[in-house]
Structure formats: C-alpha cells, structure tokens
Amino acid sequence: MGALLSARLSSNILKALKLDIPYFFWTDSKITYFWVRGPPERFKSFIKNRIQEIQKLTSSSSNWHHCPGIQNPADIVSRGVKISRLLNDTSWLQGPEWLRLPPEFWLKSKNEDSLIHLI
C-alpha cells in the first residue's frame, strides 16, 4: 500500500507541476520490490490490481529500486540511535553515499532480474 500511495502521489505532483523529469522509487522491502517489478497476473485480485496501478502510474518497473534496510536512512530513527549520531550522519539528510552517484553505480539486488520471474 505504501508503494501504491507513493506512485499516486508522485503521479499527481508530476501532473500538477507539469514536470517532465526522471523519477525513482525506493523500497527496503524485497517483497514489494519484486512484486512491483514482476507480472501482476500471478497474484489474486487485491495485490494484482494494486501492482497494475503502480506499474501504470510509474510507467516503468525499472523506476523501482531496492535499498537494503541497513542503508535506508528512513530507518535510522527506528534503530534507537542517539541524537548526536543524527547530527553527524549525512545519510540522514542526503541518503547513502552511493545514491549521489549516477544510476549505473547504484546498488543492485543480487540476481534481481532472474528473481523477478520466479516470484
């Protein structure tokens, strides 16, 4: 549902502001990642309908990427870190260092292309 909300929100923002820019979606859930990137027909109606809408709104499943939970800056607070770490941790505000590199250098899930068709 978070992936669907993200797809709807980004679609509305891009339309409202008439933006034609590249956009990317990140999830630390491998299940969500593989569901969104794979064929929706293999699921029952509830999941299938949501995956179809996500794929329609985000144009390409290649816009979706997986970020390992340990590198997800959104999870830092939920790990019970001290405020001093947040003040000194650039990933909290800027994301992981590799995200500042061109997309060809971003992390890829192991065997991601072959796994998509297995799930």
Side-chain angles (χ1 to χ4, degrees):
M1 293 301 294
L4 178 58
L5 179 62
S6 179
R8 286 176 178 169
L9 182 60
S10 67
S11 176
N12 287 333
I13 289 170
L14 290 168
K15 284 179 190 170
L17 298 178
K18 297 180 175 111
L19 296 175
D20 185 21
I21 57 172
Y23 54 95
F24 305 96
F25 300 90
W26 293 89
T27 179
D28 63 358
S29 166
K30 280 193 175 186
I31 293 171
T32 300
Y33 174 74
F34 288 116
W35 282 5
V36 169
R37 297 217 27 189
E41 294 77 25
R42 60 187 166 186
F43 297 103
K44 292 185 180 178
S45 296
F46 185 84
I47 300 296
K48 175 184 167 187
N49 292 338
R50 277 139 190 85
I51 292 171
Q52 285 175 328
E53 184 177 352
I54 290 167
Q55 289 177 345
K56 178 182 172 192
L57 292 171
T58 60
S59 301
S60 169
S61 62
S62 64
N63 290 0
W64 285 88
H65 301 277
H66 178 258
C67 177
I70 195 71
Q71 294 185 26
N72 181 354
D75 283 354
I76 292 174
V77 176
S78 66
R79 293 186 202 121
V81 298
K82 295 181 179 181
I83 194 74
S84 59
R85 176 165 176 224
L86 289 180
L87 294 172
N88 298 318
D89 189 345
T90 60
S91 70
W92 174 249
L93 295 174
Q94 300 173 2
E97 286 186 32
W98 51 263
L99 189 56
R100 291 178 229 132
L101 300 172
E104 58 268 17
F105 296 104
W106 291 349
L107 291 181
K108 294 211 183 298
S109 290
K110 293 179 184 174
N111 306 318
E112 72 179 40
D113 292 328
S114 59
L115 286 173
I116 289 170
H117 302 292
L118 295 175
I119 294 181

Check your understanding: Trp35 and Phe43: aromatic ring centres closer than 6.0 Å?
Key -> yes
Exercise for review: Check Ala3 against Thr32 and note the closest heavy-atom contact, atom names and distance.
Suggested key: CB-CG2, 3.8 Å
Practice item. Could you pull out all residues at least two apart from Arg8 that satisfy salt bridge (charged side-chain N to carboxylate O under 4.0 Å, His left out)? Key: Glu53
Point to revise | Donor-acceptor under 3.5 Å (Asn88 side chain, Ser84 main chain) | key: yes
Check your understanding: Heavy atoms, side chains only, cut-off 4.5 Å: are Gln55 and Arg37 in contact?
Key -> no
Exercise for review: Identify the two heavy atoms, one from Ile54 and one from Thr58, that lie closest to each other, and give their separation to 0.1 Å.
Suggested key: O-OG1, 2.7 Å
Exercise for review: Go through the steps to decide whether Leu14 and Ile21 satisfy the test side chain to side chain contact (heavy atoms under 4.5 Å, CB included), and finish with yes or no.
Suggested key: CA-CA 8 Å; Leu14 290 168; Ile21 57 172; 3.9 Å; yes
Review point. Can you name the closest pair of heavy atoms from Cys67 and Trp26 and give their distance?
Key: CB-CE3, 3.9 Å
Point to revise | Exercise: identify the closest heavy-atom pair between Ser10 and Ala7 | key: OG-O, 3.1 Å
Study note, to complete from the structure: Rounded to the nearest 0.5 Å, the CG atom of Leu5 sits from the CZ atom of Arg50 at a distance of 12.5 Å
Study note, to complete from the structure: To the nearest 0.5 Å, atom OG of Ser29 lies from atom NE2 of His66 at 7.0 Å
**Study point:** Beyond-backbone contact of Glu97 with Arg100, side-chain heavy atoms, under 4.5 angstrom
**Key:** yes
Check your understanding: Can you name the closest pair of heavy atoms from Leu107 and Gln71 and give their distance?
Key -> CD1-OE1, 3.2 Å
Study note, to complete from the structure: CG of Leu4 to CD1 of Ile47, rounded to nearest 0.5 Å, is 10.5 Å
Practice item. Provide the closest heavy-atom pair for Tyr23 versus Leu57 in the form atom of the first, atom of the second, distance. Key: OH-O, 4.0 Å
Revision key, fill the gap. Residues at least two apart in sequence or cross-chain that pass ring-ring contact (aromatic ring centres under 6.0 Å, His included) with Phe24, listed by chain then number, are His65, Trp106
